[in-house]
Structures are given as structure tokens and as C-alpha cells.
Amino acid sequence: MRIVVGMSGGVDSAVSALLLHRAGHEVIGVFMKNWEETDDSGLCTATQDWEDVRAVCDVIGIPYYAVNFTAEYRDRVFSHFLSEYEKGRTPNPDVLCNREIKFKAFLDFAMQLGADKLATGHFANLREGAHVVELLRGVDPNKDQSYFLYMLAQPALSRAVFPVGGLTKADVRAIAREAKLPVAEKRDSTGVCFIGERDFKAFLRGFLPARPGDIVTMAGEVIGRHDGLMYYTLGQRRGLGIGGRPGSGERWFVVEKDLENNRLVVEQGQDSPRLYSTVCEADGATWISGAAPAASFDCTAKYRYRQADQRVRVEVQGDKLRVIAHAPQRAVTPGQSIVLYDGDVCLGGAVVDVVELNAGT
RNA sequence: UGGGGUGUAGCCAAGCGGUAAGGCCCGGGACUUUGACUCCCGUAUUCGCAGGUUCGAGCCCUGCCACCCCAG
């Protein structure tokens with residue numbers, strides 16, 4: 001088979017390419033440069049990553065290319081990312097990036113190269129079912145990335161390959177070392193895909209105008225100033241600058257973004273009831289199989305990446321979901337994705353829209 | 001310009017003659033392909049200022065300064 005491997009410059013995709021090559025496939029490494037900017041230190045991290053991709057491909061002995069989807073990334077992912085922040089929500093650009101860029105624009109490109117499949121270094125697995133391809137969690141529970149892939153549909157999944165999904169991170173590094181891949185010890189990347197680790201506040205400031213305002217308690221007492229509601233997210237504690245007030249000395253957390261009055265509402269205490277909710281509405285539901293398993297059903301869910309599985313009941317109303325958790329959830333945040341699972345099978349998910357708070361209100 | 005009180009790190013705040021607790025904020029790190037959360041580490045040679053007593057003072061004394069309260 002001819003397989004295009006999306007290579008980031010990291011170990012996971014490098015080992016993916018290596019394994020496919022060893023399995024006898026015709027492998028083509030392709031590097032995506034989707035963000036034009038230097039990082040905080042003035043270096044273009046993409047340059048280093050591209051060099052790593054070339055070095056890895058040379059070691060493996062496969063051809064490589066670079067493609068640029070900067071325009072697509074900006075139009076289909078980043079613009080949405082910004083508009084969500086403008087609405088006071090907290091988006092997850094990476095779930096969109098996977099659907100729109102890696103498994104759409106990039107997938108199309110791979111197909112044009114005559115590829116049969118598109119591989120990436122995601123820690124996730126695929127299983128051919130009777131009629132559909134199922135998306136499963138990666139074997140390494142600590143690195144499972146199925147959360148970020150929940151928006152993928154059959155056309156994409158049927159062409160995808162995840163060579164490292166059955167391995168642990170330790171396995172991957174061991175293979176990379178053994179094969180003497182130059183990125184064997186390269187540090188895992190974090191931060192928004194293609195953009196990387198940033199001083200988030202400073203980063204956003206470069207794109208959206210800030211509107212400072214008051215920080216208030218639930219009782220309405222003004223106890224500080226915020227730099228602009230977009231810089232904060234629900235459940236956040238750092239960056240508030242609220243110190244030493246007479247009282248319990250507990251930390252303060254964001255419990256509400258009052259767009260109308262441009263006020264940030266905060267509460268004291270890690271486990272303030274105002275931070276918890278049991279029911280929420282999520283929209284834009286997508287299903288791996290193409291359809292919801294039932295009008296309502298029980299399953300587990302992750303309200304954010306790396307969260308332990310939460311037992312929930314899901315009620316489906318078109319592309320809207322009403323998700324009822326068994327246990328109260330902390331800081332469920334509009335814009336974030338709830339991803340549903342049945343055991344190791346990822347069912348799909350949706351984006352939190354409205355949160356019904358338990359206490360207060 | 002009578003009386004009372006208070007002045008300890010950015011903010012709260014312990015300390016009561018024996019050589020500066022703690023919390024919050026903040027900074028750094030860990031964790032992490034979103035944003036967060038969490039965890040770990042760090043942060044006053046110095047206690048409004050100036051003298052004095054004492055082997056030794058943030059703690060006692062004197063003066064000054066600042067702020068607060070009451071009375072004017």
C-alpha cells in the first residue's frame with residue numbers, strides 16, 4: 001500500500017512512519033506547516049521540526065515533502081477559535097484541526113498523491129466493524145488521544161492508520177532509540193497543535209481587543225480588575241491577582257463570565273458548589289458510526305482531555321445532547337468538548353453550550 | 001494637635017525578650033497535542049523611622065511619622 005504519514009517532527013509520527021516502512025508499505029513522509037510565526041524566543045519552531053522530519057525520513061529511507069495549509073488552518077480552525085473567544089467561550093482548536101485540516105485538507109492531499117491510507121502518530125486505534133470503522137482508545141491509558149479525534153467521520157476513519165495506537169509511549173521511544181531515529185529523545189510537544197506552547201494571554205492579545213473590567217464576588221463586591229474576559233476560563237484560579245483578603249485564605253476561582261456587564265465573577269474555595277454542575281447541553285454532536293446509538297443511553301464521558309471517565313446519561317435531540325452526569329462535574333465549560341465512550345470505543349461527542357449549575361442561581 | 005487603637009513581604013496574618021509561622025497573590029518547575037485544574041519548589045538578614053534598656057528586641061522604654069476610631 002502507498003501510505004502518506006503526517007509527520008510533525010516528533011517521535012510518535014516518526015515511529016509510525018518507521019513501522020509502516022518496515023511492514024513493507026510504500027511510505028511518504030509529509031510535514032505540514034500550518035502556522036506562520038516565530039515563537040516567543042524568536043525562533044521558528046516549525047523550522048526545527050521540518051529538519052527533524054527530514055533527518056528521520058533519511059534514516060528510515062523514505063521520501064518526504066512539506067505542505068502548507070496555513071490558509072486552511074486560519075479559515076477553518078483559527079477563525080472559529082477566535083470567534084469562540086469573542087463569545088466568552090473556551091474552544092478546543094485541536095479537535096477541529098483534526099477534522100478540518102489533518103483529516104480533510106491533508107487527507108485530500110494525500111489521496112491526490114495516490115495514497116491508499118493516511119497515517120498519523122495519534123495514540124488511538126481503529127477497528128473494522130461490520131459496517132463501520134470504530135475509533136478506540138489508544139492502548140497507553142496515559143497517552144490516549146482518541147479525545148481529539150471524536151469529530152472524525154467514516155470517510156476519514158476508513159482511510160486512517162494509527163501505527164502507534166497499540167503501543168505505549170515507552171514502547172515508541174524504545175523503538176525510536178533502537179532504530180536510531182534522531183528524535184528518539186525529543187521532548188513531547190504540548191500546546192495548541194501547530195501553534196505550540198504560548199503565553200496564552202499574550203498570544204490572544206495579539207488577535208483580540210481586550211476590554212478590562214471588574215472582578216466581583218457572587219455577592220457583587222468588586223475585589224479586583226480583569227484584563228478582558230477572554231483571558232479567563234471557568235474554574236481558573238491563576239492570573240486573578242486576588243490575594244490576602246480577610247477570611248478563609250482559600251484560593252479564588254472563576255465561576256462565571258458575565259459578558260453583558262463585562263464582569264468576571266469569582267468564588268473562594270477549590271470545591272465551591274458554584275463550580276459544579278450535573279446537567280449540561282452540548283451541540284454539534286457528531287458520531288463515529290454516523291448515528292447516535294439510541295435516543296438516550298448510558299455511557300462514560302470525558303468533559304476535557306485526560307479526565308477520568310465519568311458515568312453519564314445522554315439524551316439525544318437532533319444534533320443536541322443533554323448530558324446528565326452521575327456525579328457533579330467541576331467547571332464544565334462552554335466551548336469544550338464532551339467525548340463519549342462505550343468501554344474503549346469512542347462513540348462521538350459534542351461541544352458544551354449551556355451548563356445548568358447546581359448551586360447558586 | 002483631647003482620648004484610644006494600629007503599623008511584620010504585593011495582600012491577609014502569627015508572633016507576647018531568645019534569634020521572622022501560615023495562607024493568598026506572584027515566580028519557576030512537573031503534568032499535558034485545547035484552555036484550565038492539580039502537584040512540587042521558591043519568595044522579609046528583616047518587622048513604620050530614630051534612639052535607648054538588655055548577653056540578646058518585632059516583642060520593653062523614649063521620641064518622631066503614618067493611618068484608623070471616638071470626642072471636638
Side-chain angles (χ1 to χ4, degrees), chain A residues 6-13 32 34-35 45 49 73 77-78 80-82 84-85 87-99 101-102 120-124 138 140-151 162 164 169 172 186-204 208 215 223-225 229-255 257 266-272 275-276 302-308 329-339 349 351-352:
Chain A
M7 301 191 70
S8 64
V11 233
D12 305 334
S13 54
M32 278 182 279
N34 298 341
W35 189 254
T45 52
D49 290 333
Y73 186 81
V77 178
F78 202 66
H80 177 264
F81 170 82
L82 293 180
E84 285 285 275
Y85 268 109
K87 293 175 192 159
R89 294 163 48 116
T90 307
N92 180 335
D94 291 349
V95 296
L96 248 194
C97 174
N98 281 321
R99 186 178 76 185
I101 306 300
K102 291 177 184 165
T120 66
H122 284 102
F123 280 93
D140 187 336
N142 193 49
K143 296 299 291 187
D144 168 41
Q145 293 170 326
S146 58
Y147 179 92
F148 292 106
L149 301 171
Y150 86 92
M151 280 190 177
F162 302 131
V164 301
K169 185 74 190 194
V172 171
K186 187 172 176 179
R187 188 177 161 70
D188 287 3
S189 66
T190 57
V192 177
C193 195
F194 296 122
I195 296 178
E197 195 100 50
R198 300 299 177 112
D199 172 337
F200 219 74
K201 210 165 171 176
F203 178 69
L204 275 184
L208 297 171
I215 294 179
I223 60 172
R225 294 284 293 173
L229 291 182
M230 74 185 108
Y231 299 134
Y232 309 83
T233 191
L234 301 185
Q236 176 174 335
R237 129 176 131 81
R238 309 202 82 135
L240 298 179
I242 305 169
R245 293 174 49 75
S248 71
E250 286 185 288
R251 303 159 168 181
W252 293 81
F253 295 85
V254 174
V255 295
K257 295 167 78 169
V266 297
E267 252 281 78
Q268 200 168 18
Q270 165 75 26
D271 292 315
S272 161
L275 240 24
Y276 286 83
K302 289 186 191 299
Y303 287 72
R304 53 173 54 73
Y305 180 52
R306 286 177 63 78
Q307 179 186 31
Q329 300 295 310
R330 185 174 188 282
V332 176
T333 307
Q336 290 286 291
S337 289
I338 295 182
V339 178
V351 178
V352 176

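Naming convention: chains lettered A, B, ... in sequence-line order (proteins, then strands); numbering from 1 in each chain. The structure presented is a predicted model; accordingly, all values stated were derived computationally and were not measured.
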Can you find a side chain N or O atom of [X] that sits less than 4.0 Å from OP1 or OP2 on [N]?
X        : N      : answer
A:Asn142 : B:rU32 : yes
A:Arg237 : B:rU38 : yes
A:Arg251 : B:rC37 : no

With heavy atoms under 4.0 Å as the rule, sort [X] into base, sugar-phosphate or nothing.
X        : result
A:Gly121 : nothing
A:Phe253 : sugar-phosphate
A:Thr333 : base
A:Gln270 : sugar-phosphate
A:Arg89  : nothing
A:Gly243 : base
A:Tyr232 : nothing
A:Lys102 : base
A:Phe200 : sugar-phosphate

Tell me the partner of [N], counting only Watson-Crick (N1-N3 plus N6-O4 or O6-N4) or G-U wobble (N1-O2 and O6-N3) with both under 3.5 Å; none if nothing fits.
N      : answer
B:rC26 : B:rG42
B:rU32 : none
B:rA20 : none
B:rC37 : none
B:rC64 : B:rG48

In whole angstrom, give the distance that lies between atom [atom1] of [X] and atom [atom2] of [N].
X        : N      : atom1 : atom2 : result
A:Tyr305 : B:rA36 : OH    : P     : 16 Å
A:Asp271 : B:rU38 : CG    : C1'   : 12 Å
A:Tyr231 : B:rA36 : OH    : C1'   : 17 Å
A:Tyr85  : B:rG35 : OH    : P     : 8 Å
A:Lys201 : B:rG35 : NZ    : P     : 16 Å
A:Trp252 : B:rG23 : CH2   : P     : 18 Å
A:Asp144 : B:rU32 : CG    : P     : 13 Å
A:Leu240 : B:rA36 : CG    : C1'   : 12 Å

- Message: Going by salt bridge (charged side-chain N to carboxylate O under 4.0 Å, His left out), name the pairs with one or both residues in residues 231-244 of chain A, residues two or more places apart or in two chains.
- Response: none
Give me the distance, rounded to whole Å, that separates [N] from [M] when you measure between the [atom1] atoms they each carry.
N      : M      : atom1 : value
B:rU8  : B:rA14 : P     : 11 Å
B:rA21 : B:rU45 : P     : 13 Å
B:rG42 : B:rG23 : P     : 11 Å
B:rC47 : B:rC40 : P     : 32 Å
B:rA13 : B:rC24 : C1'   : 11 Å
B:rC60 : B:rC41 : P     : 35 Å
B:rU53 : B:rU62 : P     : 15 Å
B:rC25 : B:rC65 : C1'   : 29 Å

Any N/O pairs under 3.5 Å between the protein and nucleotides 13-15 of chain B? List them or say none.
none

- Message: For A:Ile242 and A:Gln145, find the nucleotide of RNA chain B closest to each by heavy atoms; which residue's nucleotide sits nearer the 5' end?
- Response: A:Ile242
- Classify the ring geometry between A:Phe200 and A:Tyr85 as parallel (under 30°), tilted (30 to 60°) or perpendicular (over 60°). tilted
- Intermediate values then yes/no, side chain to side chain contact (heavy atoms under 4.5 Å, CB included), A:Met32 and A:Met7: CA-CA 7 Å; A:Met32 278 182 279; A:Met7 301 191 70; over 6 Å; no
Given [options], identify the nucleotide with an atom nearest to the side chain of [X].
X        : options                : value
A:Arg187 : B:rU34, B:rG35, B:rC31 : B:rC31
A:Gln236 : B:rA36, B:rC24, B:rU34 : B:rA36
A:Phe148 : B:rU38, B:rA36, B:rU34 : B:rU34
A:Arg238 : B:rC26, B:rC25, B:rA30 : B:rC26
A:Pro93  : B:rU34, B:rG35, B:rC31 : B:rU34

Which atom pair, heavy atoms only, marks the closest approach of [X] to [Y]?
X        : Y        : value
A:Val164 : A:Gly121 : CG2-O, 3.4 Å
A:Gln336 : A:Thr90  : NE2-O, 2.9 Å
A:Arg225 : A:Ile215 : O-CD1, 3.2 Å
A:Tyr147 : A:Lys302 : CE1-O, 3.8 Å
A:Val254 : A:Val266 : CA-CG1, 4.2 Å

- Is the Lys NZ or Arg CZ of A:Arg99 less than 6.0 Å from the centre of A:Tyr150's six-membered ring, within 45° of the axis? no
- Aromatic centroids of A:Phe123 and A:Phe162 separated by under 6.0 Å: no
- Does B:rC41 fall in syn (glycosidic angle within 90° of 0) or anti? anti
- Item | SB check A:Asp12 A:Lys143 (cutoff 4.0 Å) | no
